[in-house]
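We name chains A, B, ... by the order of the sequence lines, and we start the count at 1 in each one. Computed from a predicted structure; not experimentally measured.
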Amino acid sequence: MASNAIAIQPRVLGMGYYARIFAKEARYEFIRMLRTKAFSLSVIGMPVMFFLLFGVSNRSNGFGEYLVPSYSCMGVVSACLFGIGMAIALERAQGWLEVKQASPMPRILYLGAKVMGCAAFSIIIVGLLVLLGVTLGGVTVTPLQVLELSGVIVAGSVPFTAMALLVALLVPANSGPGIINLIYLPMSFASGFWMPVKYLPHWLLVIAPALPTYHLAQLALGTFGLAQPGGSMVRHWEILFGFTLLMLGAAWIIFTRMEAEA
Amino acid sequence: MTATAVIPGVGQTGGAAWPVPVPQMRTVAHLNEVTKRYGTVTALDRFSLELRAGEVVALLGPNGAGKTTAVRLLLGLIAPASGTARVLGRDPRDSDARTRIGAMLQISRVPEMLRVREHIDLFRSYYPQPLSAAEVVRLARLEGIEDKLFGKLSGGQKQRTLFALALCGNPDLLFLDEPTVGLDIESRRAMWEQIRALSAAGKTILLTTHYLEEADLLASRVMVINKGRMVCEGTPAKIRQRVSGKRIRCITRLDPAWLRTLPSVSQVEKDREAVVIQAEQAEPVVRELLNRDPELTGLEIASAGLEEAFLALTGEDKK
């Protein structure tokens, strides 16, 4: 067999080739997200709308300053869960993922493009919230704080991308949005995305530190000097790092098991 | 690109060993004794298949026969439980082994918010030596709808777009999984034309279908597959010969035992008040029937359909 078989020349595809694929993939992923109104309107629209409702009306008591970082967290977490988790679950169910896998494009670029798309959305959300905060919400921030917040939000997309991967593997596509909301909404409430955790019922306050979203919120609020007193930023990063490993590990185990069965 | 052409590596660094002229009928892909199970269902059972350069092979079989599983194995989308899959001398699980391969799969939906032009642009970027976008559009007959969002296309246009994506990399080897399923007659004929044109251009093509007619029209070799096993293999003419024959149904008082003695009759069955006769040639049988039974009614003659063909080929009709 080997003697009369056609073989392609073994060769190395250069970095340029992969960089070009990644650039195209990321660009079209962003376009796709933007044009999918159900996604773009809810992921960008929700924090913006809630800021206009609660941030602008509370301009005198400084609540707007709290809501800019907390709603930024809401933006990045929902972008990851819906933009990555839901999108992959759907594309898997529809068979589109297989068409992509049958091409020479490496899987990691597919995932990377989705992460880039979500990061872009997160930056847009931070930008819009800061803009609204400064113009309408009576918020005063330094450019450095905005930069720090953006950094936290983009870095924060990593653990929630990992969580989104697990969601994509576990959640059936047709009930996806419902299940994701069921996880995401209580989590965002209990983590202080909507109001400072100190105003939450005591039992929720006990649960909050067990949630990854809480630690992201603390890191984001920390850039504006609004974190819970006594919290350690390093500790929050460590917990998010651990959470990332946990999610990736679980996703990996499930994925390899599915691969073996497929 | 002819069957004797080289499968060039891209970005060759002038290695003396390449390019090597590849003689005709060399193996470009094969499955060797492959077994694949899904839970308790055996999708493929020690199944072997060989694709040679320049040929069009049709995998013909009913739903659930294992056709798609064979394609998925060759594309590296799944791994066999036992046996080997090789494509262009490589393990198909390696993503960079797929640079000379195109695939059209049966899928329910594609991201709908991208335009046809954008899908093509994206897929072209996956391949080191893509066809030009204009060429892809021309081959898949997408002129005039390049700027439509995928979600706004008709069924036939969607199918053609998927076909276009399979062509983006200028593949030497094409996998077409039921390329005409769900198409109307006109679109189906157009798709056949396109597949023929690709074959004429020297591409090696594996297509799956459950239409005997389609396999007959397009393939240089047909493999009939059922329940994960190869039933028979040969040129379309050879397959047609094996499944040819007519099905004669009529209401008659003639004795079934006597009917069985008529020339070329292979089988006689009671079907409520009528009898169903399987015969190689209908004319002599019918002539005899009408002569012997002037009161014969309800005469119907049909070609043996694929259903009968499979029954005949798998020998399940012998009760």
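A salt bridge links A:R35 to B:E118: at least one charged side-chain nitrogen sits closer than 4.0 Å to a carboxylate oxygen. At a threshold of 4.0 Å, the pair B:E112-A:R32 does not count as salt-bridged, since none of the basic side-chain nitrogens sits closer than that to a carboxylate oxygen.
Counting only distance, with no hydrogens or angles, the side chain of B:R98 and the backbone of A:M105 share no donor-acceptor pair below 3.5 Å. Within the 3.5 Å criterion, the main-chain N or O of B:Y126 finds a donor-acceptor partner in the side chain of A:Y17.
From B:L122, atom CG reaches atom CD of A:E25 across 5.0 Å, with rounding to the nearest 0.5 Å. Rounding to the nearest 0.5 Å places CG of A:L34 at 10.0 Å from CE of B:M113. Here B:R124 contributes atom CZ and A:I21 contributes atom CD1; the two are 12.5 Å apart, rounded to the nearest 0.5 Å. For the atom pair OH of A:Y28 and CZ of B:R115, the computed distance is 10.5 Å after rounding to the nearest 0.5 Å.
When every heavy atom of A:E98 is checked against every heavy atom of B:L77, the shortest pair comes out as O-CD2, 3.7 Å.
Within the 4.5 angstrom heavy-atom criterion, no atom of B:F175 approaches chain A. Interface residue A:A93: only backbone heavy atoms are found under 4.5 Å from chain B. With a threshold of 4.5 angstrom between heavy atoms, B:R93 approaches chain A through side-chain atoms but not through N, CA, C or O. Only the side chain of A:E91 comes within contact range of chain B, with at least one heavy atom under 4.5 Å from a heavy atom of that chain.
Summarising the local packing, CE of A:M116 is surrounded by 12 or fewer heavy atoms from other residues, nucleotides or ligands at distances under 6.0 Å. With a 6.0 Å radius and a threshold of 12 heavy atoms from other residues, nucleotides or ligands, A:I254 has its CD1 atom above the threshold. No more than 12 heavy atoms of other residues, nucleotides or ligands lie within 6.0 Å of CZ in A:F241, so this atom counts as exposed by the packing criterion.
Contacts with chain A were tallied for B:L105, B:D121, B:L75; B:D121 has the most, counting heavy-atom pairs under 4.5 Å. Of the listed residues A:G95, A:P106, A:A87, the one with more heavy-atom pairs under 4.5 angstrom with chain B than any other is A:G95.
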